[in-house]
Structures are given as C-alpha cells and as structure tokens.
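Heads up: the structure comes next, in structure tokens.
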Protein chains: 2
Amino acid sequence: MKIGDAANRSGVSAKMIRYYEQIGLIPNASRTTSGYREYELQDIHMLRFVARARDLGFSIAEITELLDLWRDKDRRSADVKALAQARVRDLRRKIAHLQDMADTLEGLASDCAGNERPNCPILHRLETADKEHGTEFRGSAEKGFRKRNVS
Amino acid sequence: MKIGDAANRSGVSAKMIRYYEQIGLIPNASRTTSGYREYELQDIHMLRFVARARDLGFSIAEITELLDLWRDKDRRSADVKALAQARVRDLRRKIAHLQDMADTLEGLASDCAGNERPNCPILHRLETADKEHGTEFRGSAEKGFRKRNVS
DNA sequence: TATGGGGCTTCCCATGATTGGAAGGTCAAG
DNA sequence: CTTGACCTTCCAATCATGGGAAGCCCCATA
C-alpha cells in the first residue's frame, strides 16, 4: 500500500506521515525499488493509533510514549493509565483557564451597553488591567496545547 | 523611558514590544539620537492594553481591532461588545471541545485496571478508534487558539 | 508505443507568538 | 577609562501542519 492509501485509511495526511517518520515518531517505511514508501495493514493500525491520540490532544512527545507502551507487550497497564490521567489533568487545567477567560470577558461585555455611543467599559478595564474575577491567569500552565484545524 | 522599563511596567517583554512594532500592531517608537526606542506613559497604557487582551486569549488580529476601537473616540460600543462576545463564543466552543476530550480520556482510563499486568483497554480503544462518547471532535472549530507559556 | 494524468519523491517556505542568542553600539557609575 | 548593564539588528528555533515546486514513476488509453 502506498502513502496515499495509508493516509486515506488512517486519517493522517501523507504530509504528516512523512513528517512523523522524519522526526522518528514512527519507523522508516520500507521502500519499493523506485523509492515509494510501502505500508502494511499493521502500519495502518499504528497510524490510526497516532491519529486517535492526536485527536485526544496528546502531544507528539506523549504519543511517542504511548506508542512505546503500545508496542511493549510487557507494559504495565498502570503506566498507560498514568499517562492518560496526566493528560486529563492537563485538559482540566486548560479548561479552567479558558473558563476564567470566558467568564472575565463575559463580565466585561455585560457591562457594556452595546449601542451607538462610544462609551465602553470594556476598553477602560482592558487599559487599567482591572480583574473582573479574582482568578490569576499568569502562572497557569498552558504548555503543550496543540492547535489543530481539524477539518 | 527605554524599552526595558516599558517592558517592566507593561508586562510585555522587550522582545515582544519590538515584534509588535515590527508587525505594525503598535506604532513605531520614537528614537533617541543613538537609536534607542523611547516610550511615554501613554505608550505604557497601550502596551498594558495589549498585554491584558493577550492574556484574555485575543489573537494579534483581534488585538489590532481592539486597539483601533480603543483609539477611535467615535467608536460604537456595540462594536467592542460584539468583538468580546465573539471571543466568548470562541472560548466556549474550545472549552466544550476540551471537555469532550477530557471526558473521553477519563472514560478510557476508568476502564483500565492500572496495575502490573499488560492488559490495558486504553491502547486497544485508541487503536480501533472506538469512541467512548458519541461526540464528534472532527469539525469543531479550533482555529486561532494562541498557546502561551504565560509564566 | 506515445502520451497524459495522477501519485510519489524531496526540498523549501509559511504560519503565530515567543524566546534565545550573537555581534556590536551606548551609557552611566566607579 | 573600564566595566557591566542596557540597547540595537539579525538570525534561528519552537510545534504541527499545509502549500507548492521540480522532477520521477506508473498505469491506462488512444
């Protein structure tokens, strides 16, 4: 199977398959005599695994760990679970952060008349850096969030 | 005031001040005879405005709009409010997406014994791309999220 | 058999916001 | 007059992804 088929069947674009190979996330594919990459069904499983983990917001580094565990027949399920739970904690932290932002902004917006007149407290508050809600954004962990234009 | 002081007082790093100037987000600073950038109190207000908007997750493009409204004394407060509300909708959508991811992962993790044995349904489910929860990630808007390592 | 089209290859570039660093100029205090 | 802290510009890297160019390969059809 060539890379285009592998892409269609796995949900990972051909571009990204090459990229994942290049950065060592997945092993080098075997090649035909003419240089085309060749994939087996097993590779499709692996790629789907990657695609699914990626959709769940795992970073490349985390997917590397997951793939290692996936391939390791002697793995401890506790290791996998710990990884998933760490990711859940990350996500919950991000969610809380975004919720703070949304609540703050909503509070600002609700104080604005939203009419033809120029007076708008949103701009004043942004300028003076008052906090509508006491929560402190600076310092909250935001590392490693992957943005995807997941069609 | 030189750029280092401006950075300290505004919460925007000197690096970023130069970058914002370069991309046209903020106007070119005046210079001393020796080429140093010079800032007035008014500039600090502007930089603080930018910093605050950035902390609320506005993109550079959105901050450009906000700055224009901030400087426009004849602005309609409705325009500002609309911008803030659009941002809130964005945030709520992102939050829902992350919540889906977290819930799905938590579901996967709860099915895993988390012990010394290798059997772990998380890996199986990732491989077969089953969905624990029916919600469909693909298609949810994720554009324009800014990740910041907001110290 | 020739040709056309589509898929494959590598390589380079761009994104967005930010940080890091190198090489060199400027300024104030000691 | 030296030292060190600041400033300048320029270049590179980050992360995951897409876009595109130039050139090769393979298959079907005229």
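What you are looking at is a predicted structure, and each value in this text was computed from that prediction instead of being measured. Proteins get letters first, then strands, A, B, ... in listed order; numbering begins at 1 in each.
- Distance from the side chain of B/Tyr20 is smallest for C/dT18 among the nucleotides C/dC8, D/dT17, C/dT18.
- One can place CZ of B/Arg31 at 14 Å from C1' of C/dT26, the figure rounded to the nearest angstrom.
- Nucleotide D/dC6 holds its C1' atom 10 Å from the CG atom of B/Asp5, rounded to whole Å.
- Applying the 3.5 Å distance criterion, the base of C/dG25 shares a donor-acceptor pair with the side chain of B/Tyr36.
- Other residues, nucleotides and ligands place no more than 12 heavy atoms under 6.0 Å from the CZ atom of B/Arg117.
- One can place CD of B/Glu21 at 17 Å from P of C/dA17, the figure rounded to the nearest angstrom.
- Here D/dC7 is the nucleotide among C/dA17, D/dC25, D/dC7 with the atom lying nearest to any side-chain atom of B/Lys2.
- The B/Lys15 side chain lies nearest to C/dG20 when the options are C/dC27, D/dT8, C/dG20.
- The shortest distance between the side-chain N/O atoms of A/Ser34 and the OP1/OP2 oxygens of D/dC26 is below 4.0 Å.
- Nearest to the side chain of B/Tyr19, among D/dT8, C/dT18, D/dC10, sits C/dT18.
- Counting non-hydrogen atoms of neighbouring residues, nucleotides and ligands closer than 6.0 angstrom, the CZ atom of A/Arg76 exceeds 12 such neighbours.
- Side-chain proximity of B/Ile3 to D/dC25, D/dT17, D/dT8: nearest is D/dT8.
- Note: CD1 (A/Ile17) to P (C/dC8) measures 10 Å, nearest angstrom.
- Here B/Ser13 lies in heavy-atom contact (under 4.0 Å) with sugar-phosphate atoms only.
- A/Glu106 has a carboxylate O that lies under 4.0 Å from a charged side-chain N of B/Arg92, or vice versa, which qualifies the two as a salt bridge.
- Backbone-only engagement by A/Arg37 is indicated by non-hydrogen atom pairs under 4.0 Å involving sugar-phosphate atoms exclusively.
- Counting all heavy atoms, side chain and backbone alike, A/Lys81 lies closest to B/Cys112 at NZ-O, 2.7 Å.
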